[in-house]
Amino acid sequence: MPSENLTILHHDPYCIAINKPAGMLVHRSWLDSRETRFAVQTLRDQIGRHVYPVHRLDRPTSGVLLFAFDNETAHLLSRQFTDKQVHKTYWAIVRGHLPDSGRIDYPLKYQPDRLAEVHTEATLQDAVTDFRCLGRTELPFQSARRYPTSRYSWAELIPHTGRKHQLRRHLKHIFHPIVGDTNHGDLRQNHAVAAHLGSRRLMLHARSLTFRSLDNGQPLTVTADTDEQWALWLPHF
C-alpha cells in the first residue's frame, strides 16, 4: 500500500471527501485483522482532526468517500443516503459487450457485515441498478476457449439501493461480471487481463457523489479521477 497522502476532493466546514485508493479499508474490520492502514486513521493523521465516515466503499473499490467532522453532521449526511437523496455513479470495466443502457431489478439475499449476524436469516432485499455503456472494445487475446479475442465494456452504473456488493452481484447476474472481481467474477478472465494488460485490481470506481451541501443547501457533486490501472484500459475504448 502506498504511503503518500490521500487525495482530497472536497473540504468545507462540515465534511471532507477523498479519493480512496483501491485496496484500502475504510476502517478497522474483523474481516482483516492484519491490515494496518485505514482511510479513517490516514485522513485523521493527514489533516490533524477526527473524521467520521458517512458511507462506505468496499476495500477493492476506489473513488469518492465522504467523511463528516462530527457525529451530528455524520448523522445528517447519512440520512441523505437513507432517504435516497444522494446520487452515486460508478465506472466499471465488465466482460462482454453491454447493451447501450438498461436497468437491473433483481432482489439480493442479505449478506451480514458483522460476525454476530452470520446466522441471520438470508432474506431477499430489493435491489435496483441502472447502467449505461460508455464504450466497447475487443482485445487480441484469448480469455475463453470458445473465442480467439476478448470483449469488454466500459460501464456507468447508478445504484438506486445500497445492498452489499450490489454492483458486483448485479453485473454477474446479467452475465457481464466486473473485471478483477475475485468473488463474483470470471477467474479465467481475470487471469487473462492480468497477463496481457497488467490489470490486477477490481475495475470498479466510485466516480461521483452528489449530495445536498450542509453549507448552503445546494446540490454538491464530488468527482474522483481514476488510477493507473484504469489508464491501462481507457485508451482501448
Side-chain angles (χ1 to χ4, degrees), residues 9-10 15 17-22 24-27 39 53-68 74 76-96 98-113 122-135 152-186 201-212 219-227 230 233:
L9 306 172
H10 172 78
C15 63
I18 65 164
N19 189 350
K20 186 187 84 67
M24 177 181 272
L25 287 168
V26 175
H27 46 62
V54 174
H55 63 122
R56 67 184 181 186
L57 292 177
D58 293 338
R59 180 176 186 165
T61 305
S62 59
V64 182
L65 184 62
L66 182 65
F67 297 87
L76 291 172
L77 291 171
S78 294
R79 280 294 302 270
Q80 292 190 38
F81 283 82
T82 303
D83 295 342
K84 298 185 178 180
Q85 297 174 346
V86 175
H87 181 80
K88 297 179 283 187
T89 64
Y90 289 76
W91 281 358
I93 305 296
V94 304
R95 185 188 70 186
L98 274 175
D100 289 344
S101 62
R103 168 166 287 195
I104 307 167
D105 187 346
Y106 179 71
L108 297 171
K109 286 185 178 180
Y110 172 76
Q111 292 187 336
D113 290 321
T123 56
L124 282 177
Q125 299 175 310
D126 292 340
V128 179
T129 302
D130 286 337
F131 67 84
R132 182 166 66 98
C133 185
L134 301 178
Y152 301 96
S153 296
W154 170 17
E156 179 184 77
L157 307 173
I158 300 173
H160 295 285
T161 48
R163 309 310 179 196
K164 187 176 182 180
H165 296 171
Q166 175 175 316
L167 300 179
R168 297 157 71 175
R169 296 163 74 188
H170 267 178
L171 271 294
K172 176 186 178 181
H173 173 68
I174 64 169
F175 304 104
H176 291 284
I178 298 174
V179 171
D181 190 340
T182 57
N183 293 325
H184 307 283
D186 180 335
R201 58 158 288 190
L202 173 72
M203 296 307 298
L204 181 62
H205 177 69
R207 174 63 173 169
S208 69
L209 183 71
T210 301
F211 60 99
R212 189 178 70 256
L220 172 64
T221 298
V222 181
T223 302
D225 288 337
T226 51
D227 64 14
W230 277 83
W233 282 96

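Along the sequence shown, residues are numbered consecutively beginning with 1. All values derive from a computational prediction rather than experimental measurement.
In this structure, Ser153 OG and Ile178 CD1 are separated by 12.0 Å, a value rounded to the nearest 0.5 Å. To the nearest 0.5 Å, the span separating OG1 on Thr226 from CD1 on Ile93 amounts to 9.0 Å. In this structure, CZ in Phe211 is found 4.0 Å from SG in Cys15, a value given to the nearest 0.5 Å. Between the CZ atom of Arg207 and the CD atom of Glu156 there is a distance of 9.5 Å, given to the nearest 0.5 Å. For the atom pair Leu157 CG and Arg132 CZ, the distance stands at 11.0 Å (nearest 0.5 Å). Rounded to the nearest 0.5 Å, atoms CD (Gln166) and CG (Asp58) are 11.0 Å apart.
The closest donor-acceptor contact from the side chain of Arg59 to the backbone of Ala22 lies at 3.5 Å or more, if one exists at all. A donor-acceptor pair under 3.5 Å is formed between the side chain of His205 and the backbone N or O of Asp225. Of the possible polar contacts, one joining the Lys20 side chain to the Thr61 backbone as a donor-acceptor pair under 3.5 Å is found. Looking only at distances, a side-chain donor or acceptor of Arg163 sits under 3.5 Å from a matching main-chain atom of Asp126. Looking only at distances, no side-chain donor or acceptor of Arg56 sits under 3.5 Å from a matching main-chain atom of His27. Between the side chain of Arg95 and the backbone N or O of Phe175 there is at least one donor-acceptor pair closer than 3.5 Å.
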Stepwise side-chain contact (heavy atoms from CB on, under 4.5 Å) check, Leu66 with Val222: CA-CA 9 Å; Leu66 182 65; Val222 181; 6.0 Å; no
Stepwise side-chain contact (heavy atoms from CB on, under 4.5 Å) test for Trp91 and Leu134: CA-CA 9 Å; Trp91 281 358; Leu134 301 178; 3.6 Å; yes
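Annotation: side chain of Met203 is not in contact with side chain of Val94 (no heavy-atom distance under 4.5 Å). In this structure the side chain of Pro60 reaches within 4.5 angstrom of the side chain of Arg168, judged on heavy atoms. Proximity of Leu204 to Asp181: side-chain heavy atoms (C-beta onward) are nowhere separated by under 4.5 Å. Counting heavy atoms from C-beta on, the side chains of Leu108 and Gln125 never come closer than 4.5 Å. Between Ile174 and Phe131 there is a side-chain heavy-atom pair separated by less than 4.5 Å. In this structure, the side chains of Arg169 and Lys109 come closer than 4.5 Å at one or more pairs of heavy atoms.
Inspection of the Thr129 and His170 side chains reveals an N or O donor paired with an N or O acceptor under 3.5 Å.
Between Tyr106 and His173, the angle of the ring planes stays under 30°, which puts this pair in the parallel group of the 30/60° scheme. In this pair, Phe81 and His55 present their aromatic rings parallel. The plane angle is below 30°, not in the 30 to 60° band.
Using a cutoff of 4.0 Å between basic side-chain nitrogens and carboxylate oxygens, Asp227 and Arg201 are scored as salt-bridged.
Closest non-hydrogen pair, Leu9 versus Ala224, comes out as CD1-CB, 3.7 Å. Closest of all the heavy-atom pairs between Thr161 and Ala127 is OG1-CA, 3.1 Å. When all heavy atoms of Leu65 and Ala39 are compared, the closest pair comes out as CD2-CB, 4.1 Å.
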